[in-house]
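The shown structure was predicted, so the numbers you read here are calculated from the model rather than taken from an experiment. In each ligand, atom 1 is the first atom listed, and ligand 1 is the first ligand listed.
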Amino acid sequence: MDRTAQVVVIGGGVVGCSVLYHLTKAGWRDVMLLERRELTSGSTWHAAGGMHTLNGDPNVAKLQQYTIELYEEIQTISGRDCGIHLPGGLMLADTPARLDWLKMAHARGRYLGMDTEMISVSEAKELFPLLDERYFVGALYDAVEGHVDPSGVTEAFAAAAQKAGASIHQQTKVEELVQRADGTWDVITAQGNVHAEHVVNAGGLWAREVGRMVGLELPVLAMEHMYLLTEPMPEVAAHNAANDGRELVGVMDFGGELYLRQEGLGMLMGTYERDGRPWSTRETPWDFAHQLLAPDIDRIAPSLEVGFAHYPAFAEAGIKQIVNGPFTFAPDGNPLIGPIRGLRNYWVACGVMAGLSQGGGVGLALANWMTEGDPGLDVWGMDVARFGPWATMAYTHAKVRENYSRRFSITFPNEELPAARPLATTAIHDRLTAANAVWGAAYGIEHALWFQTPGEEPVEELTFRRSNAFEVVAEECRAVRERVGMIEISNFATYTVQGPGAHDWLSGVLTNRMPAIGRMTLSPMLNHRGKLIGDFTVAALGEGDYRIFGSGVAEDYHRRWFTRHLPADGSVALHAEGLGLTGLSLAGPLAREVLASVSAVDVGAASFRFLDIRPMEIGLLPALVGRISFTGDLGYEIWVRPEYLRTLFETLSAAGEPHGLRLFGARALDSLRLEKSFGTWAREYRPIYGPAEAGMDAFVKLDGAFIGRDAAAVEREAGPERRLVAFTVEAKDADVMGDEPIWLGDEAVGWVTSGGYAHWSRASVALGYLPTEHLEGAAPDAFEIEVLGHRLPARIQPAPLFDPAGARMRG
Ligand SMILES: Cc1cc2nc3c(=O)[nH]c(=O)nc-3n(C[C@H](O)[C@H](O)[C@H](O)COP(=O)(O)OP(=O)(O)OC[C@H]3O[C@@H](n4cnc5c(N)ncnc54)[C@H](O)[C@@H]3O)c2cc1C
């Protein structure tokens, strides 16, 4: 089999076959799939086949919806039976909090076009008579749910791809991957080699091994998973008979941590037990195929007991089989897809824990990415770049186990999960802990969320409503607006860009003109389609010497893009500083006094202007100080090497004391930026929005020659289809959290990107996107935003609530 191919997909599970099919659908014909045994030899063959649209991330939910809708298409094209059953599904709530969560999911689904319905327990009982009403308080019904035959689906993807020209070689294990100097790959197998332009790791249970072939340690871990099948049950037959043969709806029982569906004339019941077991923690054996693991009934007995109570008919049913099989998870339970930084033409599509719900969407996004250079959809929540090198094997194990055990638990919008923490901390971690910090973590780094009142326990109550942080965060905001606050900013991403080609290169990847030396500027970054893939502060420190400050969680995502576009001639060196550069920010009307008291240079308004940046001595220390603050107030960002951070903290704390300096955390920063209508990465700014839509036109200089310029010009010329808008919301005890629908009459016309309570302005605030036509056509107070099942009046806020002229920031 010595030959060439444009793409070799490694792995013939449902995911690999979906990628193959979507590549052919995108028009690539010279594509090949290699499978070491037969198709479905990993997790796929023993999957329960259930499919759902619900997902905590609405963009992933959208791809799940696409997956379910795709099955008819591949069944028709391939002529293979996918075993599609769409009886609908119930999500059962056992507590008011779970009901809130379902209401939130229901609301979020609205603008995605999902037609779910909140129903009562007795309505749920009519749809699923096996349940005991006493255990539930309400339910969400989704008509577009059901199950498929996993092998049938995989075969259908494969056959449809083959019809379009793809080739599939079974019994062909990829042994080795060798990259040539031109970036193409030699794919080595015992049956001969393939010279391919691209390779895709869809190795499923062996994704780690296929990663290791190129020196990559992917953050995936397999967990054992069990479900049981019953003998035929008379209750099931009776329901079918009474409903013209209609199958029972599927059920997700969150309190019971169970899922159920009809299988033949019996039932299938699966559980994500608390005490889950990882499988093959370090290496997946190559001789594993089409095998099951020994069931461990003791482990799932507590769940089954709950199941028998919630669904009494099960107690009488005979158990036909217990299936135990392994499948893989990423640390947050969402797939890992995309290209890998620094590894040209190596793509991953793995860690897919719900292949039958997500496989189609994963295949579509990856095929778009490979053929068009962009996934074309918002796949931020699935992008492999959301994990950096800090996601070690031990981290992954701890997080996957946590995630598995919490599969049916509510994650509250203000919840920070404890596993694998602390991972990365800075030198002032103990100082902030001593100040009663409540900690959060992002991208592996601990950051203070807020500072609990001394003497009180630094714990935030978990709720969809305002928590015990509310009043304290209000005080932190007040300190910033009235006096001066200090926040650690070490978790921002910082890049050093140096070299003779730095100016021109930056001008080619960023949309704004580069600042003069000693100055900073804001600049978005666009992809070739003119969509936002970053927003940065760029600082010019000298000739060919720049710093870029951006979102911490997007560090690997941005590095991947930067690295890919660096000039080949070595004229530009890029270095991601990580925690090699740490910092504190002072913000508030007295910030200048504090800075002046520890600096020998003149930091007066005229000599150190808004957006100035310069090296400065702060007390004993060498620092880099920029006059900018995400609070929208007078403020400074002070950057130092990590060995100085502790002394910097002591110095500024002491200098700030006479001015009433108070520590503030991420919650207060969010409140402060919201009243300035400042957008933020991964919320307002994502790769589905153009700069004109996001209100960033001022930072996009169309006379430049940067990536995405032409598309941005078209967007500006035509006028944006939607716009980022700020609202004030008549909220009472629950503010928007993000992803809520914005209603105009009976139509969900837009969606919220983020929101919360703006303490200083005493207003509940939301930012979100609205179609331009509604923006122009409707009265500013004609809108409503749905929060926890209630539509709250929302008024468009044309100017920032705080300091609309920017006098404080610039003064
Ligand atoms: C008990 C159980 C119940 C489940 N229930 C559901 C459910 O109800 N709904 C749902 O959506 N999901 C369910 N799943 C999860 C689902 O099975 C997985 O999400 C899905 O199978 C992942 O598919 P995959 O293609 O990524 O991986 P896999 O199915 O593991 O496929 C990977 C393939 O790659 C091949 N391969 C690996 N390395 C090489 C190599 N070097 N060369 C060539 N070939 C290679 C393997 O042989 C294998 O065939 C369940 C899983 C289990 C275990």
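The nearest pair of heavy atoms linking Gln75 to Asp81 is OE1-OD1, 3.3 Å.
In this structure, Gly49 counts as a contact residue of ligand 1, since one of its heavy atoms falls inside 4.0 Å of the ligand.
The pair Asp149-Arg80 does not meet the salt-bridge criterion, since no charged nitrogen lies less than 4.0 angstrom from a carboxylate oxygen. Salt bridge annotation for Glu35-Arg37: absent, with no cationic side-chain nitrogen under 4.0 angstrom from a carboxylate oxygen.
For Trp101 and His106, the ring centers are positioned 6.0 Å apart or more. Checked against the 6.0 Å centroid threshold, Trp279 and Phe327 do not count as a close aromatic pair.
Residue contacts with ligand 1, taken as heavy atom pairs separated by less than 4.0 Å, do not involve Trp45 at all. Of all the heavy atoms of Thr44, the ones lying under 4.0 Å from any atom of ligand 1 are found in both the backbone and the side chain. In Ala207, neither the side chain nor the backbone holds a heavy atom less than 4.0 Å from any atom of ligand 1. Only the side chain of Trp286 comes within 4.0 Å of ligand 1, judged by heavy-atom distances. No part of Glu175 comes within 4.0 Å of ligand 1, judged by heavy-atom distances. Looking at Leu39 against ligand 1, nothing comes within 4.0 Å, counting heavy atoms. Residue-level proximity to ligand 1 for Pro326 is carried by the backbone, the only part with a heavy atom below 4.0 angstrom.
When Arg36, His169, Met213, His147 are ranked by how near their heavy atoms come to atom 43 (C) of ligand 1, first place goes to Arg36. With distances taken over non-hydrogen atoms, the option nearest atom 28 (P) of ligand 1 out of Gly270, Cys17, Ser43 is Ser43. The nearest non-hydrogen atom to atom 48 (C) of ligand 1, considering only Arg37, Met51, Arg208, Glu35, comes from Glu35.
The distance from ligand 1 to the heavy atoms of Gly355 drops below 4.0 Å at these ligand atoms: 10 (C), 11 (O), 12 (N), 18 (C), 19 (O). Counting atoms of ligand 1 from 1 in the listed order, those under 4.0 Å from a heavy atom of Thr172 are 43 (C). Proximity to His225 (heavy-atom distance under 4.0 Å) selects the following atoms of ligand 1: 1 (C), 2 (C), 3 (C). Ligand-side atoms of ligand 1 in range of Ala354: 10 (C), 11 (O), 12 (N), 19 (O), range being under 4.0 angstrom from any heavy atom. Within ligand 1, counting atoms from 1 as listed, the ones closer than 4.0 Å to a heavy atom of Ser41 are 47 (O), 49 (O).
From the protein, the heavy atom lying nearest to atom 26 (O) of ligand 1 is Val15 CG2, 3.3 Å. At the shortest separation from atom 52 (C) of ligand 1 among protein heavy atoms lies Phe327 CD2, 3.6 Å. The protein atom (non-hydrogen) at minimum distance from atom 18 (C) of ligand 1 is Val352 O, 3.6 Å.
With a 6.0 Å radius and a threshold of 12 heavy atoms from other residues, nucleotides or ligands, Lys25 has its NZ atom above the threshold. By the 6.0 Å contact criterion, CD on Gln170 is enclosed, its count of non-hydrogen atoms from other residues, nucleotides or ligands being greater than 12.
Taking CE of Met382 as the start and CG of Asp332 as the end, the distance is 11.0 Å to the nearest 0.5 Å.
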Between Tyr259 and His225, is a ring-ring contact (aromatic ring centres under 6.0 Å, His included) present by the stated rule, with each step listed?
-> CA-CA 12 Å; Tyr259 61 89; His225 181 66; 5.8 Å; yes
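Side chain of Asn193 to main chain of Asp186: no donor-acceptor pair is present (N/O by atom type, distance under 3.5 Å, no hydrogens or angles). Put simply, the side chain of Thr44 gets close to the backbone of Val14: a donor and an acceptor are under 3.5 Å apart.
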